[in-house]
Amino acid sequence: MNPYLIGAAGTALGAVGKFAYDKYTENDSQPKSVLSKEMKNIEEVKCSVMGLAASANGVIKPQEKDSFQSHLGDLSNVYEVEDETLNRLSDLFENAIGLKQLAAKCNSIELSDELKEEILLSYDEISKSDGQVDDIELALRFQISLVLNNFEDVQLVKLNSSGEEIKHIAYTEMGVVNAKNQYPKTLEQYLSSDTKFLIPHPADKLQLVPFEYLLSEDFANSKESEFIEAARLAGAKRIKVFNLSSKTFSEKDNKSAQVNVEKSGVDVGGSASKNQNNSNESYLQAHQEYEFQGYQHALRTKFLSLFQDLSRGVLERSTYLKQDDKMVSFVNSCYCFNRIKKFQLEIKSKEIADSIETAKLALDSKMFKSCAQVKANVETDIQTIREQVKRYEVEF
């Protein structure tokens, strides 16, 4: 082998090695990105949420502090962070702010779905750092998710066997007796120790319900069911339902509605029938039609209304009717001397969809157990119900 060739090859390899090293050190010494004002605001929200997680049980544990310091270390590795900013973030962690202050901070940033998920992952990072997550931490995560989605806070209630009322950062513990006194319309079946958390009914603050109820078909159809039942009791002969939204009911909604009508037919001692039409052609064609033997019941209603205020009883027993001025007017006109003959009303279901979305946030925070099928259907149900607008035509 020619010694000159060997020397030339060695020189070339040395040059390549030096170039690679210089390139490596050049990249390694590149200046870090500056932490923008927007990123500072996002970090303030994240560190505030981490502080809430750490202080949920009153004392910040060593594992939680280590997890937070690791978060700051990762941030400093990527961005040029001033000492003043690091001190500010540490203060937000060590001295937890309230949920209202957190809501104010959230107003300063653009909260995409991805960022909301990032913030809740920051919460989970702290709450899971000691290897266990208790009910207080779960409930607080749910309350924070409400803040991130711009929902009002929810008064959570957890039943205990001691009967003592204990206020926690995210919920109130109380015995069954206290629950009955403070929420007298609560159904007995919900006052069980098996129920993890209860919340006031979205339309009736004197009634506690479990989150599972908000994901049920009964709740989704409750506003419509109340209206149809009130019309039936007043002696309606026919009710036509027009779906003005772009989507029609699913098959399960139709089945649920049919059950309600069949029950109504038994109550009046006569027959009730319903015709369904799943056509998407036009809202001018009734999607559902209810028929009752209304005449005899109407005569009875007229007679009884001479001696008692029937409309008041219907409204007092209702959950949604009494909340809507148009529905109240309808009920009153059913029982007055100059009785209504025809009535038309449009009903939107946005508040129902909002309540279902609240239950979804609770499900995401593992506030209650639910089957996988329910979880998979929640998103679709929320969007469908939010878009629903129905028109009701009632004939007596």
Side-chain angles (χ1 to χ4, degrees), residues 45-46 48-58 60-61 63-64 67-68 71 96 99 102-103 106 111 113-161 166-174 179 189-202 208-216 219-220 353-382:
V45 170
K46 283 185 179 180
S48 297
V49 164
M50 296 173 89
L52 282 165
S55 64
N57 291 294
I60 299 177
K61 298 175 182 177
Q63 303 97 312
E64 294 169 335
S67 183
F68 175 72
H71 174 78
L99 292 174
L102 177 63
C106 287
L111 279 169
D113 289 342
E114 293 77 9
L115 182 54
K116 291 174 192 175
E117 188 175 344
E118 273 186 42
I119 292 169
L120 289 174
L121 285 174
S122 297
Y123 180 93
D124 295 338
E125 185 182 336
I126 299 298
S127 63
K128 294 177 180 179
S129 61
D130 60 353
Q132 57 185 0
V133 180
D134 58 27
D135 283 346
I136 295 178
E137 290 168 322
L138 289 177
L140 184 55
R141 187 189 194 278
F142 165 66
Q143 297 285 15
I144 289 171
S145 69
L146 290 178
V147 171
L148 296 177
N149 287 278
N150 201 28
F151 285 169
E152 292 184 5
D153 63 324
V154 172
Q155 178 60 54
L156 290 174
V157 174
K158 183 182 178 184
L159 300 177
N160 61 29
S161 56
I166 308 169
K167 290 190 179 296
H168 299 284
I169 185 172
Y171 66 89
T172 301
E173 274 190 62
M174 63 177 67
Q189 69 198 64
Y190 295 149
L191 297 174
S192 164
S193 57
D194 294 335
T195 307
K196 197 168 188 179
F197 287 102
L198 296 167
I199 62 170
H201 191 290
L208 291 173
V209 294
F211 282 110
E212 291 89 332
Y213 170 71
L214 299 183
L215 296 179
S216 68
F219 177 71
D354 287 344
S355 299
I356 295 174
E357 191 159 359
T358 297
K360 173 192 172 293
L361 295 176
L363 183 61
D364 291 343
S365 294
K366 298 180 174 58
M367 297 279 286
F368 63 96
K369 293 182 180 179
S370 183
C371 67
Q373 187 60 42
V374 169
K375 191 169 184 179
N377 289 339
V378 169
E379 284 289 353
T380 304
D381 289 345
I382 291 171

Kindly compute the distance separating CG (L148) from NZ (K116), expressed to the nearest 0.5 Å. 7.5 Å

Scan I144, N150, L111 and name whichever one has a side-chain contact (heavy atoms from CB on, under 4.5 Å) with C106. L111

Hey, does the side chain of Y123 reach the backbone of E137 with a donor-acceptor pair shorter than 3.5 angstrom? yes

Please answer whether the main-chain N or O of H168 pairs with a side-chain N or O of T172 as donor and acceptor at a distance below 3.5 Å. no

If you measure only the distance, is there a donor-acceptor pair under 3.5 Å linking the side chains of Q63 and D130? no

Counting only N and O atoms by type, is there a donor-acceptor contact under 3.5 Å from the side chain of E173 to the main-chain atoms of K167? no

Tell me if the CD atom of E152 is crowded by more than 12 foreign heavy atoms within 6.0 Å. no

Considering all heavy atoms of both residues, which atom of A179 and which atom of L159 are nearest to each other, and what is their separation? CB-CD2, 3.9 Å

So that I know where these two stand, are F197 and F211 an aromatic pair - ring centroids less than 6.0 Å apart? no

Output for pair (L120 CG, L361 CG), nearest 0.5 Å, gives 9.0 Å

Indicate the atoms forming the closest heavy-atom contact of I199 with L214, along with that distance. CD1-CD1, 3.5 Å

Please confirm whether the backbone N or O of K61 pairs with a side-chain atom of E64, one donor and one acceptor, at under 3.5 Å? yes

Kindly compute the distance separating CG (L198) from CE (M174), expressed to the nearest 0.5 Å. 9.5 Å

Heavy atoms, side chains only, cut-off 4.5 Å: are L52 and L99 in contact? yes

Hey, what's the ring geometry for H201 with Y213, parallel, tilted or perpendicular (30° and 60° as the breaks)? tilted

N149 side-chain N/O to F151 backbone N/O, donor-acceptor pair under 3.5 Å: no

Do F142 and D364 have side-chain heavy atoms sitting under 4.5 Å apart? no

What pair of heavy atoms forms the shortest contact from I136 to A170, and how long is it? O-CB, 4.4 Å

Closest non-hydrogen contact found for L102 with S48 is CD1-CB, 4.1 Å

Distance, nearest 0.5 Å, that separates OG of S145 from CE of M367: 8.5 Å

State, to 0.1 Å, how close L138 and S365 come at their nearest heavy-atom pair, and which atoms those are. CD2-O, 3.2 Å

Pairwise side-chain contact, D153 with Q143, heavy-atom cut-off 4.5 Å (strictly under): yes

Please assess D124 against R141 for the test salt bridge (Lys or Arg N to Asp or Glu O under 4.0 Å), listing each intermediate value before the final yes or no. CA-CA 8 Å; D124 295 338; R141 187 189 194 278; 2.8 Å; yes

Taking every heavy atom of A53 against every heavy atom of S127, the minimum-distance pair comes out as CB-N, 4.3 Å

Going from CE on M50 to OG on S129, what distance comes out if it is rounded to the nearest 0.5 angstrom? 9.0 Å

Distance col, row L363:CG vs E357:CD, nearest 0.5 angstrom, shows 12.5 Å

Looking only at the side chains, is there a donor atom on one of E125 and H71 sitting less than 3.5 Å from an acceptor on the other? no

Could you tell me whether the side chain of Y171 reaches within less than 4.5 Å of the side chain of V157, counting heavy atoms only? no

